[in-house]
Each structure stands twice: as C-alpha cells, then as structure tokens.
Amino acid sequence: MMLTKPDPQHTQLYLDGVSVSFDGFRALNNLSLIIMPGEMRAIIGPNGAGKTTMMDVITGKTKPDRGTILFDGDTNLTEMDEAGIATLGIGRKFQKPTVFESHTVWDNIDLALAGRRGPFATLFHRDGADDDRILAILETIRLSGRRDVLAGALSHGQKQWLEIGMLLAQEPKLLLVDEPVAGMTDAETAETARLLREIAQTRSVVVVEHDMTFVRDLDVKVTVLHEGSVLSDGSLDHVSADPRVIEVYLGR
Amino acid sequence: MQGGILLPRLDRAGLIFGAVALGLAILIPILNLIVPTDSAFHVPPHVVALMGKYLCYALLALSVDLVWGYCGILSLGHGAFFALGGYAMGMYLMRQIGPRGMYGHPTLPDFMVFLNWQELPWYWLGFDQFWFAAIMVLLAPGLLAGLLGWLAFRSRVTGVYLSIITQAMTFALLLAFFRNDMGFGGNNGLTDFKDILGAPLQADGTRSALFAASAIALAFGFILCRWIVRSKLGRVLVAIRDAESRTRFLGYRVEQYKLLVFVTSACMAGVAGALYVPQVGIINPGEFSPANSIEAVIWVAVGGRGTLIGSVIGAVLVNFGKTLLTNALPEIWLFALGGLFIAVTLFLPRGIVGLWTGYWAKRREKQAASIATQPVTEGS
C-alpha cells in the first residue's frame with residue numbers, strides 16, 4: 001500500500017524489516033507494519049504465517065534477528081524485556097486464556113492494575129487502595145457478580161473476558177489480542193466483538209483471529225500475513241478479492 | 001482494610017500460632033526445670049532437646065514451603081542453607097572452647113592443631129563474637145542463595161532444572177566441606193562444644209533456653225511468612241507459580257520476586273540450622289547431604305504445600321515418626337520415608353492440611369445444600 005518509507009513519528013507501533021529465524025525456518029521475513037494511535041487492526045493469515053511470532057517480538061519474548069520496532073514513534077522495543085515493555089503500555093492477551101486460576105477474579109484484576117511493579121512496592125502495598133478502579137473494570141467485563149470466585153472456576157468465555165479485563169487494568173496504549181474468540185459460543189463471540197470495539201475507543205488494538213465472521217463483526221482494516229510478511233492489506237472485502245490472498249488462504 | 005500495613009496482616013492464624021509457640025516456649029522449660037523429676041508432668045532433658053530439634057526442622061520446612069508452596073521454586077538444596085547457618089553457629093561455639101580443647105591451644109580449635117596449622121584462617125576471624133556469628137548465620141546462606149538465585153532466575157532456569165541445580169549445589173558443598181584443607185573440620189565437622197554465651201551447653205537451663213529460642217524463632221518465621229504471603233507480593237508469588245509468563249507480560253520482573261523470596265527463605269533456613277547445632281552438639285558435612293534437603297521437601301508435602309502451617313505439622317510428625325521408627329527398626333526408615341512420599345503424592349496431594357480443609361469445605365457444602373432450596377453450583 002505504501003510506496004515510500006513512512007515516517008515513524010506519530011505512529012503507535014512501527015515495525016520495519018523485522019526478521020526472525022528459528023533453526024533456519026524464517027518465522028518473520030522482512031515484516032513491516034504500522035499501527036496508528038487509536039487504530040484497531042485485524043491480522044489474519046494461515047497457520048505458520050508468523051502471527052504469534054509477531055506478537056512475541058513486539059512484547060519482548062523473542063528478539064528479532066534484524067529490523068526496527070518502535071513504540072510511540074521513538075522507543076526501541078528490541079532492547080527491552082517483557083516486563084519493561086508491559087510497563088511501557090503494551091498489553092498482550094494469549095491465545096489460550098491465561099488467568100491466575102488460584103486467585104479470585106478480584107485479585108486477578110488487582111494484580112493487573114497499573115501501578116508500581118517492584119517487589120518492595122507490592123510487599124508494602126496497602127489493600128483496599130484501588131477498589132474503585134477494580135469495580136469499574138469488573139463492570140466493563142460483566143463479572144461484577146463473580147468477583148470472589150476463583151478464576152479457575154470460570155467458564156472458558158468468562159476467563160477470556162477476565163483476561164481482557166486484566167489487560168484493561170494495565171491501562172495499555174496498545175493491546176495485542178491473540179485469537180480472543182477461539183472456543184467461544186456465538187453469543188460470547190458477539191459480546192467479545194462489542195467489548196473490543198468499546199476498548200478500541202481509547203487505545204490501539206491489534207487482533208489476530210481466524211474467525212472470519214468475527215473479523216467482519218469488528219469491521220476494521222485487515223492485514224493478511226503469509227510466510228512472515230505482509231501479503232495484502234485493506235478492508236476485509238478488499239483483501240478477500242485479492243487473488244494472492246485467495247490463493248494462499250481463503251481459496252483453500 | 002485501612003490503617004497500618006503491619007497489624008491488619010497479623011491475622012488469626014498468625015496470632016494463634018504465635019500464642020501456641022510462645023506458650024510452648026514457657027511451658028516446656030517449666031515442666032523441665034521446675035516440676036520435680038518424679039512427677040508425671042516432668043519433661044526429661046533429652047525430650048526437651050528432641051523437641052527443640054523438631055522445631056528447628058519445622059522452621060526449615062517453613063522456609064521450603066515459602067519458596068515451593070507459594071512461588072513454585074522446588075528447591076532440593078535447602079539443607080545447604082540450613083547447614084551453612086549451622087556451621088556459622090558451630091564456628092562460634094568452637095571459638096568459645098578457647099584453651100579448653102584437648103590440645104589446650106589458646107585460640108586454635110583442636111582439628112587445626114591436629115593438622116599442624118599455625119594460625120587461625122582469616123575466615124574464622126570474628127567468630128569469637130556472638131553478634132558476628134549471628135550476622136553470618138543470615139549472611140552466608142543469604143549470599144549463596146542470592147548468587148545462585150541471581151544466576152538461575154535471570155537465565156530463567158525453572159522447574160526440574162532449577163531443582164537439579166540446587167541439588168548439585170548442596171552436593172558440591174558436601175564434598176567441599178569433607179576436605180580437611182577447607183578449614184571446617186573435614187569429615188568430623190565441628191563438635192565438643194562447651195558453652196554458648198557463657199552458659200554451659202549440657203546444663204538443663206541452657207537446653208530449655210535453646211528450646212524456647214527455637215519456639216520463638218519458629219513463631220517469628222511463621223508470622224513473617226504469613227505477612228509475606230498475605231501481602232500483594234504474596235499474590236504476585238502465587239501468580240508466578242501458576243502462570244509465570246502471564247505475570248511477566250503484566251509487567252512484573254519475575255526474577256526479582258523469586259530472588260527476594262529465595263534469599264528470605266535461605267536466611268530462615270540458616271537460622272534453623274544455627275539453632276539446631278547447639279541442641280544436637282555437632283555439625284558435620286553430612287548435613288549437606290542431598291537426602292536431607294529431599295527429606296525437608298517431603299515434610300512439606302506430607303503436611304500440605306502452600307499452607308505454611310502444614311509444613312510445621314509435617315516436619316514435626318514425620319520427624320516424630322522417624323524417632324520412633326529409627327529406635328525400633330532403623331533399617332526400614334528410608335523405605336518408610338519413600339513409601340510415605342509416594343502415598344502422599346497419590347492419595348493426599350494436598351497433604352494433611354488439605355485433608356482437613358477439604359473435610360470442612362465438604363461439610364459446609366452439605367449444610368448449604370440442605371438449607372438452600374436450590375443447590376449452588378460453580379460453573380467450571
């Protein structure tokens with residue numbers, strides 16, 4: 001889409017020429033991608049297209065072999081660890097819902113709340129100081145009634161929402177969401193789309209998803225990944241009509 | 001919920017435990033020292049020493065539970081921290097012997113005279129002072145745990161690999177302390193202690209005082225652990241145990257948390273060792289034996305991991321069983337211990353305390369079901 005090299009200034013997330021190899025396998029191949037502040041973007045692509053690896057390099061789990069990753073236009077993410085990147089304002093939702101199963105719903109949100117993260121800060125943290133913030137988030141994710149239930153006892157869909165709530169509690173500027181509706185019922189899927197759109201009003205969101213109905217529900221710009229780089233992007237209708245996309249992905 | 005941060009976390013469990021330990025610290029010395037020998041309530045001195053030993057083991061178990069039960073770090077080397085604390089205390093006790101040793105040398109312990117050493121090695125300096133030894137009791141295990149933890153946690157060594165490293169650490173120390181030229185008495189270790197803080201170690205009063213000190217140390221350890229696990233830090237620890245990478249992506253530096261709790265735990269184990277040595281009268285490299293560390297883990301598993309009180313119960317019960325069994329049938333103890341571990345893993349995965357809390361939870365559920373017209377079900 002873009003012919004000249006774009007200016008990273010004013011972007012929320014800026015990936016340029018990012019490559020990662022595992023034992024000779026190129027998981028990401030010269031990947032370039034720009035997310036603007038407040039933008040919501042859906043990423044689709046066949047298995048092995050590099051969607052999860054892309055999340056890994058952005059969040060610091062994997063170090064790229066080459067390339068630039070900038071946050072807020074000037075912060076170089078490739079030199080930071082996961083905790084540092086998270087504190088910067090990037091939240092990540094895993095493919096499999098990962099919540100703290102032996103903590104209550106309330107404590108899950110409490111642990112995720114933006115705040116000081118050092119061991120001594122938490123050791124001397126005063127309980128009850130953040131109750132209002134937690135209540136507000138529980139309201140948003142519709143789990144107010146289950147605040148004292150252990151997270152392990154929640155249904156699959158509720159765990160996904162709890163995890164989204166934890167991300168909200170982090171107050172990130174950018175949310176990376178990996179297959180949020182996998183294994184959800186149709187009603188839960190629709191509810192999740194609504195929840196994500198609500199969240200996207202105040203921050204940038206990147207959603208990786210297989211479910212085409214869900215992507216259509218989101219109604220945002222779509223980027224198609226293939227073999228570790230961008231194959232096509234634009235509206236869902238536009239990429240669906242792209243013959244290269246049909247060949248590698250939708251046509252099968 | 002408002003107010004200071006120290007008092008609200010001193011909950012009922014901590015208070016009860018503290019009260020019971022303090023009660024024992026007063027009661028047992030009275031029963032030993034004041035109640036006449038022919039009374040049925042008299043506690044003979046060897047029983048006081050035995051119970052003091054159990055309490056030291058309980059403190060060691062508590063320290064294992066803090067790292068394993070709450071942070072998922074299965075340390076198979078906590079015996080090393082216990083032994084280091086023990087050696088620090090042993091060195092103080094050796095220096096207290098002074099010229100009363102077999103060879104009558106004014107400063108050198110007997111084994112050094114025997115090895116023809118001319119002067120005290122630098123690392124023995126200062127151990128004639130109790131305060132110095134007391135600091136080393138915390139510092140030696142703390143530094144070792146800090147170094148090992150720093151290296152292991154920042155390289156993200158977890159699970160069974162970390163267990164193996166800790167096991168290797170205690171084995172390496174075992175071999176090192178066996179060597180005469182290490183200057184810690186080699187094979188024989190440190191023994192023939194005479195007195196502590198000027199009080200003769202064999203005296204009933206000293207034994208009772210050591211017992212009381214062990215009970216108080218255990219109470220302090222328990223309250224400290226309670227305070228840690230009930231804080232937000234404690235909840236982060238459980239979060240690390242259950243979903244480490246999730247915790248990391250929330251912005252917590254997991255390695256700092258693990259290091260802090262590992263060092264705290266090692267210091268507790270060191271205190272346990274330091275109180276243990278004067279009560280048993282000897283410290284030798286055998287205390288570094290990997291089997292000791294594994295045994296401590298079994299105590300915690302038997303009592304109930306991640307409950308604190310379970311580790312204390314497990315340590316006391318298993319060691320009581322050990323005392324009985326090694327008197328009656330010494331050769332089957334290790335088989336019994338192994339069998340116990342298998343049985344607990346298979347039938348009591350949450351230990352004795354888990355059995356107890358499970359029983360009460362079921363009873364409450366039954367009561368709730370009989371009261372409510374509709375049974376309450378938790379979706380899962």
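Bear in mind the structure is a predicted one, so any value in this text is a computation, not a measurement. Heavy-atom basis, side chains included; hydrogens, waters and symmetry copies ignored. Throughout, a chain's letter reflects where its sequence line sits, starting with A, and its residues are numbered from 1.
A salt bridge is defined here as a Lys NZ or Arg NE, NH1 or NH2 lying under 4.0 Å from an Asp or Glu carboxylate O, and A:K61 with B:E244 fails to meet this definition. By the 4.0 Å N-to-carboxylate-O rule, B:R230 lies too far from A:D127 to be salt-bridged with it.
The CZ atom of B:F249 lies 10.5 Å from the CD atom of A:Q170; values are rounded to the nearest 0.5 Å. Separation of atoms CG (A:D130) and NZ (B:K232) is listed at 5.5 Å; rounding is to 0.5 Å. For the atom pair B:L233 CG and A:L123 CG, the distance stands at 5.0 Å (nearest 0.5 Å).
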>> Show, in sequence, the C-alpha distance, side-chain angles and deciding distance for A:F124 and B:S231, and conclude whether the side chain to side chain contact (heavy atoms under 4.5 Å, CB included) test is met.
In response: CA-CA 7 Å; A:F124 296 105; B:S231 70; over 6 Å; no
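Counting heavy atoms from C-beta outward, B:Y252 and A:P119 have side chains that stay 4.5 Å or more apart. Between A:F120 and B:L260, the closest side-chain pair of non-hydrogen atoms falls below 4.5 Å. Residues A:H103 and B:R235 are in side-chain contact: their nearest non-hydrogen atoms beyond the backbone lie under 4.5 Å apart. Using a 4.5 Å cut-off on side-chain heavy atoms (C-beta onward), A:D81 and B:R253 make contact. Here the side chains of B:L250 and A:F100 are in contact, with some heavy-atom distance below 4.5 Å. Between A:S102 and B:V238, the closest side-chain pair of non-hydrogen atoms falls below 4.5 Å.
Between B:R246 and A:R92, the closest heavy-atom pair is NH2-O, 2.6 Å.
Around atom NZ of A:K63, more than 12 heavy atoms belonging to other residues, nucleotides or ligands sit under 6.0 Å away. Heavy-atom contacts from other residues, nucleotides or ligands closer than 6.0 Å to CZ of A:R194 number more than 12. Surrounding CZ of B:R350 are at most 12 heavy atoms belonging to other residues, nucleotides or ligands under 6.0 Å away.
By number of non-hydrogen pairs under 4.5 angstrom with chain A, the leading residue of B:L237, B:V254, B:T247 is B:T247. Among the candidates A:T59, A:T87, A:L88, the residue making the largest number of heavy-atom pairs closer than 4.5 Å to chain B is A:T59.
Proximity to chain B is limited to the side chain of A:L167, based on heavy atoms less than 4.5 angstrom apart.
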